[in-house]
Amino acid sequence: MPETTSYRQSPLAPLGLAGQAASGLNGAGIGVAEPDFRVLLDLRVELDKQPGAQDAVEKVLGLRLPETANTATGNAERHALWLGPNEWQIVIHDSRPEAGREWTAKLREALQGIFCAVVDVSNAQAILRVTGPAAREVLERAVPLDMHAGKFQPGEVKQTVFGRHCGVTLHLLDDAPTFDIYCRRSFAEYVHAYLKDCARGACEDFAVLEG
Amino acid sequence: MLLIPCPYCGERAENEFSYGGEAHKPRPEVPEEISDATWADYVFLQKNTKGTYYERWIHSHGCRRWFNLVRDTLTHEIHGAYRMGEAPPKVDEKTYV
Ligand SMILES: [Zn+2]
């Protein structure tokens with residue numbers, strides 16, 4: 001198979017984050033990293049009307065879609081994020097340029113005969129990973145959610161408004177705490193700048209980390 | 001700010017939502033067969049109750065689903081939220097003058 005030339009560029013590329021990246025927090029309260037490209041698929045299906053869907057998804061991805069609102073399932077490499085009662089975002093850590101097309105085709109093939117929609121939205125969104133002891137306090141300044149550890153726990157996913165107007169999906173991965181923030185790519189620089197602003201006063205330092 | 005109980009996501013801040021006007025207002029079945037006055041009535045005129053009001057909201061920055069809310073338009077007290085197609089909760093309805 002011929003090698004695919006990719007002209008993909010992250011919306012955060014102009015910030016040159018990779019050039020400033022440190023390998024650890026080094027005492028900073030919060031660190032921000034831009035992870036590598038991921039495959040993001042939007043899956044819509046009515047599970048109660050399409051009983052075969054869960055098994056078909058599991059066959060391809062090795063995970064079952066979460067039916068509890070605002071939660072995620074999966075492992076370090078793949079997640080299914082609950083977006084609505086009949087909508088999920090599938091996240092696959094596969095950065096190859098052709099990966100989006102391939103996974104879309106695989107999932108569609110497995111779901112054949114099931115009334116559903118699988119759309120590749122990999123290039124519509126930007127991803128920022130935020131980690132560190134001050135992450136909750138910093139994010140609290142940007143979103144109207146209760147960010148207290150008892151109210152937002154690892155494995156949960158919340159969609160909300162960030163800053164003045166920008167929609168984001170927050171996925172809490174662990175107790176560090178580490179959040180994956182998904183936003184429309186045109187808002188990526190805004191989210192980054194706003195986070196930096198929120199960090200001022202909330203914690204000692206703002207670190208740029210390796211993705 | 002109101003804390004609105006989305007029937008899917010639970011309590012969230014008002015600025016995640018958008019307003020959709022009066023609920024339980026059936027759309028005329030055959031719009032081309034009714035008079036302009038009846039159509040205008042459907043499109044523009046709402047009860048606009050000062051008191052207990054059944055209204056539509058969408059969780060636009062969250063799960064993006066429409067649902068119904070029972071709210072007191074004077075006190076902002078929220079009596080409950082329910083999904084589209086579900087029956088409204090029993091509420092001690094009030095109107096003020
Ligand atoms: Zn919701």
Side-chain angles (χ1 to χ4, degrees), chain A residues 42-49 65-72 80-89 117 119 121 124-125 139-148 150-153 156-172 181-184 187 190-191 194, chain B residues 1-27 29 46 48 52-91:
Chain A
D42 191 81
L43 168 62
R44 302 214 48 179
V45 61
E46 304 269 356
L47 289 181
D48 50 339
K49 297 191 184 98
L65 303 170
E67 293 186 54
T68 309
N70 298 309
T71 61
L81 315 183
W82 185 97
L83 297 184
N86 56 12
E87 185 174 11
W88 291 267
Q89 177 162 292
V119 180
V121 294
Q125 309 230 28
L139 277 169
E140 202 163 45
R141 296 168 176 223
V143 300
L145 296 174
D146 189 344
M147 297 300 290
H148 188 274
K151 290 287 183 178
F152 198 160
Q153 296 173 347
E156 290 192 324
V157 172
K158 290 186 183 178
Q159 301 165 89
T160 188
V161 55
F162 183 99
R164 299 260 168 221
H165 51 261
C166 163
V168 293
T169 305
L170 299 178
H171 178 198
L172 178 52
I181 305 177
Y182 297 88
C183 68
R184 305 263 174 231
F187 285 114
Y190 171 81
V191 171
Y194 206 100
Chain B
M1 199 183 312
L2 296 177
L3 269 182
I4 297 177
C6 169
Y8 301 99
C9 305
E11 276 192 347
R12 294 291 188 93
E14 182 186 350
N15 61 346
E16 292 185 6
F17 297 83
S18 302
Y19 188 60
E22 188 184 334
H24 306 296
K25 198 179 171 190
R27 190 179 193 277
E29 288 288 344
Q46 305 201 352
N48 205 21
T52 310
Y53 199 44
Y54 298 78
E55 54 196 13
R56 296 184 301 173
W57 287 79
I58 181 171
H59 194 186
S60 39
H61 279 293
C63 61
R64 295 180 301 285
R65 301 304 128 153
W66 284 98
F67 62 93
N68 296 311
L69 192 74
V70 195
R71 181 175 64 99
D72 189 309
T73 55
L74 182 73
T75 64
H76 277 316
E77 188 184 350
I78 291 172
H79 296 294
Y82 50 104
R83 297 174 188 192
M84 286 294 168
E86 287 180 355
K90 290 270 173 285
V91 173

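Order of the sequence lines sets the chain letters (A, B, ...), proteins ahead of strands, with each chain counted from 1. Excluded from the calculations below are hydrogen atoms, water molecules and symmetry mates; all remaining heavy atoms, backbone and side chain alike, are included.
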Test ring-ring contact (aromatic ring centres under 6.0 Å, His included) applied to A:Y182 - qualifying residues, sequence neighbours left out: none
Note, B:P89 side chain near B:V91 side chain (heavy atom, < 4.5 Å): yes
Residues from residues 1-11 of chain B approaching chain A under 4.5 Å (heavy atoms): B:Y8, B:C9
Would you list the atom pairs, donor with acceptor, under 3.5 Å between side chains in residues 162-171 of chain A and any protein atom, with sequence neighbours excluded?
none

Among B:E16, B:R12, B:H59, side chain to side chain donor-acceptor pair (under 3.5 Å) partner for A:T160: B:E16
Within-4.5 Å side-chain heavy-atom neighbours: A:H148 and A:E140: no
Test item: A:N86 and A:E46 side chains (from C-beta on) under 4.5 Å apart, heavy atoms: yes
Residues 65-80 of chain B: residues contacting chain A (heavy atom under 4.5 Å, by number): B:R65
Geometric class of the B:H24/B:Y54 ring pair [parallel <30°, tilted 30-60°, perpendicular >60°]: perpendicular
Backbone of A:L83 reached by a side-chain donor or acceptor of A:Q89 within 3.5 Å: no
Donor-acceptor pair, side chain of B:E22 and main chain of B:Q46, under 3.5 angstrom: no
